[in-house]
Amino acid sequence: AADSKNTTRHNQQYEGKILMQLVTDRGTDITPQQAEGLEIHYVPLIINLSDKTYYGGEDITADEFYKLLLATDDMPSTSQPAPGDFSDLFLQLGKRDPDILCVTISSGLSGTHSSAKAGAQLAQEENPDLNITIFDSMTLGGGLGWQVEAAARYIKAGMPLDEILANLEKIRTLTHT
């Protein structure tokens, strides 16, 4: 389920606005239209194709990837983000708000969830004030996108973390991979 220092702590308030940062990986399929008006931070997945390395969502779009895939006989491979990629982002976001929710691709499909947990530990060693919750979506692609979009909307609405997690668990049970 979720791993956190304190999942029952409510989001901090600043001038009446609930603050919490949302992180996910590029294993999510969420369109720009779905993400419009929502604050979502991404850690890229690493894509290797035709002897080149790309960082999903940073230096290659999904459309560009599929065009490259059609133009080659090579099979792509992917790598999970390193714990340091997560740690760096958590520390950067923690300067603005110590409450961070990270929704990851299924731990059964990728090591990304483990990297996020290790990254959270590294970040919390450097900044013990960080409250990082890692949530295993137990899916990928559109199902992960659905959970990430819901979490972003819950955060925007000011929902407390424990309620967000309860709702994500309900959505997760309805998502079949």
Side-chain angles (χ1 to χ4, degrees), residues 1-9 20-31 34-35 38-49 53-63 65-66 68-69 74-91 93 99-125 130-155 159 161-177:
D3 300 300
S4 172
K5 269 192 337 189
N6 182 359
T7 58
T8 59
R9 182 175 136 189
M20 180 185 296
Q21 302 297 315
L22 177 62
V23 173
T24 191
D25 57 72
R26 286 291 181 176
T28 184
D29 287 340
I30 188 166
T31 66
Q34 287 173 286
L38 303 175
E39 192 166 341
I40 303 170
H41 305 277
Y42 297 91
V43 173
L45 296 178
I46 300 161
I47 303 164
N48 300 298
L49 180 63
T53 300
Y54 302 93
Y55 293 88
E58 290 189 358
D59 59 5
I60 189 169
T61 65
D63 288 342
F65 169 75
Y66 289 117
L68 285 173
L69 195 57
D74 296 339
M75 289 299 296
S77 64
T78 59
S79 301
Q80 68 199 35
D85 295 334
F86 281 101
S87 177
D88 290 347
L89 183 56
F90 294 153
L91 287 166
L93 295 174
D99 292 324
I100 299 168
L101 172 60
C102 179
V103 182
T104 68
I105 191 171
S106 173
S107 62
L109 299 172
S110 170
T112 300
H113 182 77
S114 292
S115 285
K117 286 171 59 175
Q121 184 176 355
L122 289 170
Q124 288 168 325
E125 286 171 5
L130 293 179
N131 182 44
I132 304 169
T133 302
I134 309 296
F135 184 84
D136 186 348
S137 71
M138 296 188 182
T139 191
L140 74 162
L144 173 57
W146 186 26
Q147 291 180 39
V148 169
E149 180 183 0
R153 292 190 185 285
Y154 295 146
I155 290 167
M159 186 179 286
L161 178 60
D162 55 345
E163 291 179 31
I164 293 171
L165 294 174
N167 283 318
L168 287 179
E169 288 176 11
K170 287 177 189 172
I171 293 170
R172 183 172 62 192
T173 63
L174 299 172
T175 307
H176 302 284
T177 303

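Residue indices begin at 1 and follow the sequence shown.
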I want to check something: taking the side chain as every heavy atom from C-beta on, are [X] and [Y] in contact at a cut-off of under 4.5 Å?
X: Leu38; Y: Glu149; answer: yes
X: Thr28; Y: Tyr42; answer: yes
X: Leu91; Y: Leu130; answer: yes
X: Glu39; Y: Leu22; answer: no
X: Thr24; Y: Thr104; answer: no
X: Phe65; Y: Leu49; answer: yes
X: Ile46; Y: Thr78; answer: no
X: Leu144; Y: Asp25; answer: yes

**OP:** Please report the shortest heavy-atom distance between Ala35 and Ile30, naming the atom on each side.
**Re:** N-CG1, 4.3 Å
Original post:
Can you name the closest pair of heavy atoms from Gly56 and Arg26 and give their distance?
Top reply: O-CG, 3.1 Å
Does [X] use its side chain to pair, donor to acceptor, with the backbone of [Y] at less than 3.5 Å?
X: Ser110; Y: Ile105; result: no
X: Gln147; Y: Ser137; result: yes
X: Gln34; Y: Thr31; result: yes
X: Ser107; Y: His113; result: no
X: Gln21; Y: Ile100; result: no
X: Thr175; Y: Ile171; result: yes
X: Asp85; Y: Pro81; result: no

Original post:
Name the one of Leu101, Ile134, Leu89 that satisfies side chain to side chain contact (heavy atoms under 4.5 Å, CB included) with Val23?
Top reply: Leu89
**OP:** With side chain to side chain donor-acceptor pair (under 3.5 Å) as the test, would you mind laying out the steps for Gln80 and Ser115 before giving the verdict?
**Re:** CA-CA 8 Å; Gln80 68 199 35; Ser115 285; 3.1 Å; yes
**OP:** Output, in order, the C-alpha distance, side-chain angles, deciding distance and verdict of side-chain contact (heavy atoms from CB on, under 4.5 Å) for Asn131 and Leu161.
**Re:** CA-CA 11 Å; Asn131 182 44; Leu161 178 60; 4.2 Å; yes
Starting at [atom1] of [X], measure out to [atom2] of [Y] and round the result to the nearest 0.5 Å.
X: Arg172; Y: Glu169; atom1: CZ; atom2: CD; result: 5.0 Å
X: Thr112; Y: Lys117; atom1: OG1; atom2: NZ; result: 13.0 Å
X: Ile132; Y: Cys102; atom1: CD1; atom2: SG; result: 8.5 Å
X: Ile164; Y: Phe135; atom1: CD1; atom2: CZ; result: 11.0 Å
X: Arg153; Y: Met159; atom1: CZ; atom2: CE; result: 12.5 Å

Original post:
Do other residues, nucleotides or ligands put more than 12 heavy atoms under 6.0 Å from the OH atom of Tyr55?
Top reply: no
**OP:** For Leu68 and Tyr54, run side-chain contact (heavy atoms from CB on, under 4.5 Å): C-alpha distance rounded to whole Å, both residues' side-chain angles, the deciding distance at 0.1 Å, then the answer.
**Re:** CA-CA 11 Å; Leu68 285 173; Tyr54 302 93; 3.5 Å; yes
Subject >> Check: Asn48/Thr53 side-chain N/O donor and acceptor closer than 3.5 Å >> reply: yes
